[in-house]
Amino acid sequence: MRFLSYRKHFRDLSEQEVIALAISSEEDDARIYRSYAEMLRADYSATAKLFDGMAAEEDQHRAQLIALHERRFGAVIPLIRREHVAGYYARRPVWLVENLGIERIRTEATAMERDAERFYLAAAARSTDAATRKLLGDLAAAEAGHQATASDLESTHLDDETRATEEATAHRQFILTWVQPGLAGLMDGSVSTLAPIFATAFATQDTWTTFLVGVAASVGAGISMGFTEAASDDGELSGRGSPVKRGFASGIMTTLGGLGHALPYLIPDFWTATSIAIFIVFFELWAIAWIQNKYMETPFFRAAFQVVVGGALVLAAGVLIGSG
């Protein structure tokens, strides 16, 4: 309800407050672009220059708005920010966007300008005051100009060769940080838990006990693999990226690999549960072979032979030990 909100509605802002809000928004956006530039400079120097240019554009518009405020209302600018206005567009934190890859960061920058333009156009359409309507229309035009400037800067700094180089670097980083640790975890979780799970299954023929052993083995292996991956390499020299990201990728995929053939034992009937679990095992092993082929450029049949045959041998060992 409106009277319970501590934030003002945009329609309740004075023209001075609208200008002050635009000034603080331009300042925030410039800081975001500079954060992107600094974050990307080491690996993506061309895109970093693009964001440096966009930050400079935001600084120019902020200076123009400050000059406008001084002419109309004086030098004291009211303190009003995005979070003070209900319904005003928000910006995602830099730390949230930085993990999504370079193309996602570029897309986020375009969306930032587009969101601002849409907001100002909608606000101008609702305004009945001529001066306010003109001001909001000018701000919308400025945001549209920012998008054109971003496009010009991108064409200046990101030719086809540079873009291809940066995309190749991003792809390599994705593989080193996420795919390799995740694949190692999936292989460990899928294969190393086979023997204890199926040995327990055939030794006890108790689906609940088998399920508990499977969950314990999967979670334990996930924790172990996650901490091992995170502690093995800080990524500074190898360039493999954040140890925390790699640890999560390895630990989560290890756990999922084991849980895949543990969950069927929630079914009370032993042979039904075992049949489904064996089917899932072979699906997991073929998925691992496919990932190796797609991301690690391992010949598919070699990957299939290594993973499927190896996994089948571990499965058979577990069944023989449990049956004995």
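As the structure is a prediction and not an experimental result, all values here were calculated from the model.
- For Phe248, the side-chain contact (heavy atoms from CB on, under 4.5 Å) test picks out Val244, Ile252, with sequence neighbours left out.
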Would you be so kind as to tabulate the donor-acceptor pairs closer than 3.5 Å made by side chains of residues 281-291, with sequence neighbours excluded?
unit_1, atom_1, unit_2, atom_2, d
Glu284, OE1, His261, ND1, 3.0

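- Asp59 pairs by the side-chain contact (heavy atoms from CB on, under 4.5 Å) definition with Ala30, Arg34, Arg62, not counting sequence neighbours.
- For Thr209, the side chain to side chain donor-acceptor pair (under 3.5 Å) partners at least two apart in sequence or on another chain are Asp206.
- Checked against side-chain contact (heavy atoms from CB on, under 4.5 Å), Ile77 has the following partners two or more places apart in sequence or in another chain: Ala20, Ile23, Ile66, His69.
- Every residue meeting the side-chain contact (heavy atoms from CB on, under 4.5 Å) condition with Thr274, not counting sequence neighbours, appears here in chain and number order: Phe198, Phe202, Tyr265, Phe270, Ile278.
- Evaluation of the side chain to side chain donor-acceptor pair (under 3.5 Å) rule for Ser275 yields no partner, not counting sequence neighbours.
- Trp271 and Leu266 fall within the same hydrophobic cluster, defined by Ile, Leu, Val, Met, Phe, Trp and Tyr side-chain heavy atoms under 4.5 Å apart, directly or through other members.
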With a cut-off of 3.5 Å and sequence neighbours excluded, list every side-chain donor-acceptor pair involving residues 309-317.
none

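- Shown here are the ring-ring contact (aromatic ring centres under 6.0 Å, His included) partners of Trp208, two or more places apart in sequence or in another chain: Phe211.
- With sequence neighbours excluded, no residue forms a side chain to side chain donor-acceptor pair (under 3.5 Å) with Ser250.
- Applying the side chain to side chain donor-acceptor pair (under 3.5 Å) test to Arg72 and every residue at least two apart in sequence or in another chain returns Glu15.
- Applying the salt bridge (Lys or Arg N to Asp or Glu O under 4.0 Å) rule to Glu38 yields the partners Arg41; only residues at least two apart in sequence or on another chain are considered.
- Of the possible donor and acceptor atoms, one in the side chain of Ser35 sits under 3.5 Å from a partner among the backbone N and O of Arg31.
- Cluster membership check: Met253 does not share its hydrophobic cluster with Met225, using side-chain heavy-atom separations under 4.5 Å among Ile, Leu, Val, Met, Phe, Trp and Tyr.
- Between Leu186 and Thr254 the shortest side-chain heavy-atom distance does not fall below 4.5 Å.
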